[in-house]
Amino acid sequence: MKVVLDTNVYISAILFGGNCEEILRFAVQCSFELVISKSIILEIEAVLKEKFKWPKKQVSDTLTYLRNISTVIKPNISLSVIKDDPSDNKIIECAVAAVANYIVTGDKNHLLPVKEYKGMKIVSPAEFLKL
């Protein structure tokens, strides 16, 4: 099973724990294949540096960890599924390129309402853990 996590799930896992941290733990245990793209990594980096003011070294170590537990891909497609927040399209692009089974997100405004895209289910962290 291949899974793509939205940036907000990574940030929640790293900073706040809970369901999102548990999902990362399952990925580490190889319960599923975690797929991430370079653009998602760059967004995580920007959020940790700019919003949470993390030091460079801590950000670098965290990104290295995420790369180590994930399959990093470079999607060669450009989609325009989410019109209201085009930056969310990078999540769907990664999932399509990976032929993922699930996208896990906390985005109630843009991604979760889509529910499914090309056979990939879009679910919340709590819904994913129930699976």
Lys49 to Val59 - nearest heavy-atom pair and separation: CG-CG2, 3.9 Å
Nearest non-hydrogen partners of Ile36 and Ile44, listed with the distance: CD1-CD1, 4.0 Å
Validation row: Ile82, Val114 side chains within 4.5 angstrom (heavy atoms): yes
Aromatic centroids of Phe128 and Phe26 separated by under 6.0 Å: no
ILVMFWY network linking Ile77 to Val99, side-chain heavy atoms under 4.5 angstrom: no
Exam field: side chain Lys53 to backbone Glu50, donor-acceptor pair closer than 3.5 Å: yes
Test side chain to side chain contact (heavy atoms under 4.5 Å, CB included) applied to Thr7 and Ile11, step by step: CA-CA 6 Å; Thr7 304; Ile11 297 299; 4.1 Å; yes
Closest contact, heavy atoms only, Ala13 versus Leu24: CB-CD1, 3.6 Å
Spatial distance of atom CG (Leu34) from atom OG1 (Thr71) [nearest 0.5 Å]: 7.5 Å
4.5 Å side-chain heavy-atom contact, Val3 and Val35: no
Qualifying residues under side-chain hydrogen bond (donor to acceptor under 3.5 Å, both in side chains), relative to Ser12, sequence neighbours excluded: none
Rounded distance (nearest 0.5 Å) linking atom CG of Asn89 with atom NE2 of His110: 10.5 Å
Atom pair CE (Met120) and CD1 (Ile92), whose distance is rounded to the nearest 0.5 Å: 7.5 Å
Test side chain to side chain contact (heavy atoms under 4.5 Å, CB included) applied to Leu5 and Ile40, step by step: CA-CA 9 Å; Leu5 304 181; Ile40 296 170; over 6 Å; no
Verdict with reasoning, Tyr10 to Thr62, per side chain to side chain contact (heavy atoms under 4.5 Å, CB included): CA-CA 10 Å; Tyr10 285 107; Thr62 300; over 6 Å; no
Single-linkage hydrophobic cluster, 4.5 Å side-chain cutoff, Leu42 and Leu79 together: no
Those residues that, when tested against Ser78, pass side-chain contact (heavy atoms from CB on, under 4.5 Å) (two or more places apart): Glu93
Rounded distance (nearest 0.5 Å) linking atom CZ of Arg67 with atom NZ of Lys38: 9.0 Å
Residues forming a side-chain contact (heavy atoms from CB on, under 4.5 Å) with Asn8, sequence neighbours excluded: Asp6, Thr105, Asp107
By ring pair (Phe, Tyr, Trp, His ring centres under 6.0 Å) - contacts of Tyr117 (at least two apart): none
Nearest heavy-atom neighbours spanning Val4 and Ala100: CG2-CB, 4.0 Å
Heavy-atom closest contact (Cys94 atom, Pro75 atom, distance): CA-CG, 3.7 Å
Any pair counted as ring pair (Phe, Tyr, Trp, His ring centres under 6.0 Å), so long as it reaches residues 51-87, sequence neighbours left out: none
Sequence-distant partners of Glu22, side-chain hydrogen bond (donor to acceptor under 3.5 Å, both in side chains), two or more places apart: none
Heavy-atom closest contact (Leu111 atom, Ile122 atom, distance): O-CG2, 3.4 Å
Atom pair CD/CG of Glu127 and Asn19 - distance to nearest 0.5 Å: 11.0 Å
Heavy-atom side-chain contact between Thr64 and Asn68 under 4.5 Å: yes
Tyr102 and Met1, any side-chain heavy atoms less than 4.5 Å apart: yes
Side-chain (Lys51) to main-chain (Leu48) donor-acceptor, under 3.5 angstrom: no
Euclidean distance, Asn101 CG relative to Lys121 NZ, rounded to 0.5 Å: 10.0 Å
